[in-house]
Student: 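Let me begin by handing over the structure; questions about it come next.
Atom set for the values below is all heavy atoms of this structure, side chains included, hydrogens, waters and symmetry mates excluded. Bear in mind the structure is a predicted one, so any value in this text is a computation, not a measurement. Convention: sequence-line order gives letters A, B, ...; per-chain numbering from 1.
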Number of protein chains: 2
Amino acid sequence: MTSEPNLLAVIQRQLSELNKSESKVAHAILNAPEEATRLSIASLASAAGVSEPSVNRFCKRFGATGFPDFKLQLATSLASGVRYVSRAVEFSDDINTFPVKLFNNAITALMTAKEDLPLKAIARAVDQIAQARRVYFFGLGTSAAVARDAEHKFFRFNVPVFTHEDPLMQRMLAASAGVGDLFFFISHTGRTKVLIETADIVRQTEASIVSLTAEGSPLAQKSHCCINVTVEEDTEQYLPMTSRLVQLVILDVLAAGVTLRRGEGFTPHLARIKDSLKDTRFPTS
Amino acid sequence: MTSEPNLLAVIQRQLSELNKSESKVAHAILNAPEEATRLSIASLASAAGVSEPSVNRFCKRFGATGFPDFKLQLATSLASGVRYVSRAVEFSDDINTFPVKLFNNAITALMTAKEDLPLKAIARAVDQIAQARRVYFFGLGTSAAVARDAEHKFFRFNVPVFTHEDPLMQRMLAASAGVGDLFFFISHTGRTKVLIETADIVRQTEASIVSLTAEGSPLAQKSHCCINVTVEEDTEQYLPMTSRLVQLVILDVLAAGVTLRRGEGFTPHLARIKDSLKDTRFPTS
DNA sequence: CGGCTTTTGTAAGAATATTACGAATAATGC
DNA sequence: GCATTATTCGTAATATTCTTACAAAAGCCG
């Protein structure tokens with residue numbers, strides 16, 4: 001499965017290097033991609049104003065074995081949700097375009113992350129969490145919200161979980177750590193100074209560090225176990241959006257892992273927690 | 001574009017109602033879906049141990065106009081990333097299966113939401129946020145983390161933003177609201193009593209209510225503008241996972257909307273905020 | 001067991017895609 | 001500016017793939 005990012009983008013990019021009839025075909029396809037997947041070679045040829053073999057040659061030029069194969073690839077790359085060649089939101093966008101773009105970005109980020117999950121690290125992290133006496137989730141900025149989310153998930157496992165957004169609190173807790181304590185750091189960049197300083201403090205104790213951050217970053221280097229999330233995101237220009245989504249799903253994965261670890265006997269406990277919320281809600285009509 | 005969720009799932013579901021040769025074809029396809037998209041009708045027929053017309057009839061039974069059309073649909077639904085028929089994590093799952101399942105669930109949730117975005121409500125919400133004098137993001141439980149995330153996003157727009165997880169604080173702030181205040185409620189169910197009571201309090205003031213919640217829920221009914229997120233999720237049995245992802249992306253959409261609204265002249269302001277963080281990080285090597 | 005319906009395969013036919021080849025066009029050299 | 005060559009393109013034949021019509025087989029009920 002050669003994961004050519006997006007056939008349409010490839011065509012778009014090579015547009016200038018195509019000869020006359022090939023470029024006619026290219027335009028016909030770019031104008032109505034989804035329709036092209038349904039057309040026969042004859043229909044597409046006439047729509048583009050060229051002959052059938054020209055269409056066939058076009059397909060082969062782009063790596064397909066023939067027209068049917070090309071249609072298949074086209075359909076696949078359309079379905080991947082990454083329809084739009086340009087991913088970034090621009091000021092010319094309107095309500096009909098930018099929401100879809102953002103959703104597509106989020107979807108591709110998750111799909112990319114899915115392809116390359118650090119399963120070993122995840123398994124190890126599940127181990128550590130399942131055995132920990134206490135777990136601290138620390139993040140700053142956007143990652144603080146992720147940490148908060150993690151807290152809401154993990155407290156259900158009978159493990160005392162703590163979150164603090166205040167760096168000073170984080171430091172003090174780090175300093176008073178001991179055996180069985182687990183510090184779970186969340187950071188997109190892995191370069192936030194105060195967070196790394198806190199990690200340094202933890203390293204002087206018997207506690208262990210798991211982090212969800214960028215590969216090879218200073219924070220990653222200080223961790224006993226690091227779950228790498230490599231989401232390429234233009235953080236310089238835009239706000240981090242997709243990376244935190246990936247982080248959240250990874251935390252879901254960890255939570256599920258701990259649940260599985262606890263075994264089926266644990267479900268009643270989870271059910272009890274659920275039930276405790278029942279009276280806080282209006283019943284469904 | 002009839003968004004049939006997933007062809008494989010449909011086949012799986014109808015498996016028991018198929019006759020002998022149809023079920024042979026079904027199994028052949030379910031065993032090797034991606035290969036089936038590349039096979040000719042003759043190859044698939046022999047792989048399944050049936051005749052070509054049987055395969056053809058099978059295709060028509062599932063809504064395709066013929067075999068090529070079927071292959072197209074199959075390719076499309078495979079590309080959507082939702083390869084696995086069973087969505088729920090089971091106790092028999094191991095590290096190789098459940099992370100992928102969870103990612104797939106997240107991806108489909110976003111894709112489904114994308115298909116049916118309430119653009120009008122989003123546009124209205126952007127209007128309201130852009131004009132508001134103050135914005136309060138209120139949520140409880142998991143949604144509190146989402147609210148926190150929203151706070152981190154929206155403060156950049158020079159609009160005073162507030163989040164509080166404490167229901168009592170939420171009530172008091174609601175009571176002291178006035179013209180130009182905007183209360184943004186986030187709730188998966190839309191049925192949380194304390195949150196709805198707070199909404200009631202807001203309604204007695206001049207402030208307005210925007211909510212991100214389930215369609216038709218009590219909370220939705222009390223809102224001036226409601227962004228419906230219909231994520232079908234078994235909240236009774238599992239923790240809400242996918243719904244909050246959709247909520248987060250919707251908030252990204254709103255943030256992007258406000259940015260576009262502010263116009264290009266606003267980018268320097270955003271850049272300044274970015275820059276302010278520079279010294280908190282270790283430089284990239 | 002015999003008539004009925006349903007299911008399935010055979011074989012012919014239609015549609016579709018591919019290849020080979022030659023004509024047209026453009027490019028290069030003199 | 002003309003001849004030569006290379007590239008591009010379309011026609012037509014061929015091969016492949018799909019669909020349909022029909023009949024045989026299998027299952028069902030009296």
Student: Nearest heavy-atom pair of A:S43 and A:S40: which atoms, and what distance?
Tutor: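 Looking at all heavy atoms of both residues, the closest pair is OG-OG, 2.8 Å.
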Student: Kindly give the heavy-atom pair with the smallest separation between B:H188 and B:T213, and that separation in Å.
Tutor: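 In terms of heavy atoms, the two residues are closest at O-OG1, 4.1 Å.
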Student: Just checking A:Q14: does its CD atom have more than 12 heavy atoms from other residues, nucleotides or ligands closer to it than 6.0 angstrom?
Tutor: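 For A:Q14, atom CD is crowded (more than 12 foreign heavy atoms under 6.0 Å).
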Student: Counting only non-hydrogen atoms, which of residues 42-51 of chain B are less than 4.0 Å from DNA chain C?
Tutor: B:V50, B:S51
Student: Identify, residue by residue, the members of residues 54-66 of chain B with a heavy atom below 4.0 Å from DNA chain C, and return them in order of residue number, or none.
Tutor: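 Those residues are B:S54, B:R57.
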Student: Would you say the side-chain atoms of A:K153 pair up with the backbone N or O of A:A256, donor to acceptor, closer than 3.5 Å?
Tutor: no
Student: If you define the side chain from C-beta out and look only at heavy atoms, does anything of B:F70 sit under 4.5 Å from B:I29?
Tutor: yes
Student: Indicate whether OP1 or OP2 belonging to D:dC9 is found under 4.0 Å from a side-chain N or O atom of A:S21.
Tutor: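 Yes, within the criterion.
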Student: Checking contacts here: which listed nucleotide (C:dT18, C:dG9, D:dC18) is nearest the side-chain heavy atoms of A:E52?
Tutor: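 Within the option list, the nearest is C:dT18.
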Student: Return the value, rounded to whole Å, for the distance between atom CG of B:L18 and atom P of C:dT8.
Tutor: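 Those two atoms, CG and P, are 10 Å apart.
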Student: Would you tell me if any nitrogen or oxygen in the side chain of B:K20 comes within less than 4.0 Å of OP1 or OP2 on D:dG27?
Tutor: yes
Student: Examine C:dT6: is either OP1 or OP2 under 4.0 Å from a nitrogen or oxygen in the side chain of B:N19? Give yes or no.
Tutor: no
Student: Could you work out which one of C:dT18, C:dT10, D:dT19 sits closest to the side chain of A:I41?
Tutor: C:dT18
Student: What is the distance, rounded to the nearest whole Å, between atom CZ of B:F67 and atom P of C:dT16?
Tutor: 16 Å
Student: Has the side chain of B:Q221 got a donor or acceptor atom that lies under 3.5 Å from a matching backbone atom of B:G216?
Tutor: yes
Student: Taking ring pair (Phe, Tyr, Trp, His ring centres under 6.0 Å) as the definition, give me every residue that meets it alongside A:F62, ordered by chain and number, with sequence neighbours left out.
Tutor: A:F58
Student: Are A:R244 and B:D252 within salt-bridge range, i.e. N to O under 4.0 Å?
Tutor: yes
Student: Looking at A:I122, A:V126, A:L117, which hits side chain to side chain contact (heavy atoms under 4.5 Å, CB included) with B:I95?
Tutor: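 Between B:I95 and the candidates, side chain to side chain contact (heavy atoms under 4.5 Å, CB included) is satisfied uniquely by A:I122.
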Student: Rounded to whole angstrom units, what separation is found between the CG atom of A:D69 and the C1' atom of C:dT18?
Tutor: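 Going from A:D69 (CG) to C:dT18 (C1'), I get 14 Å.
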Student: Take atom CD of A:E22 and atom P of D:dT7, then tell me their distance rounded to the nearest Å.
Tutor: 13 Å
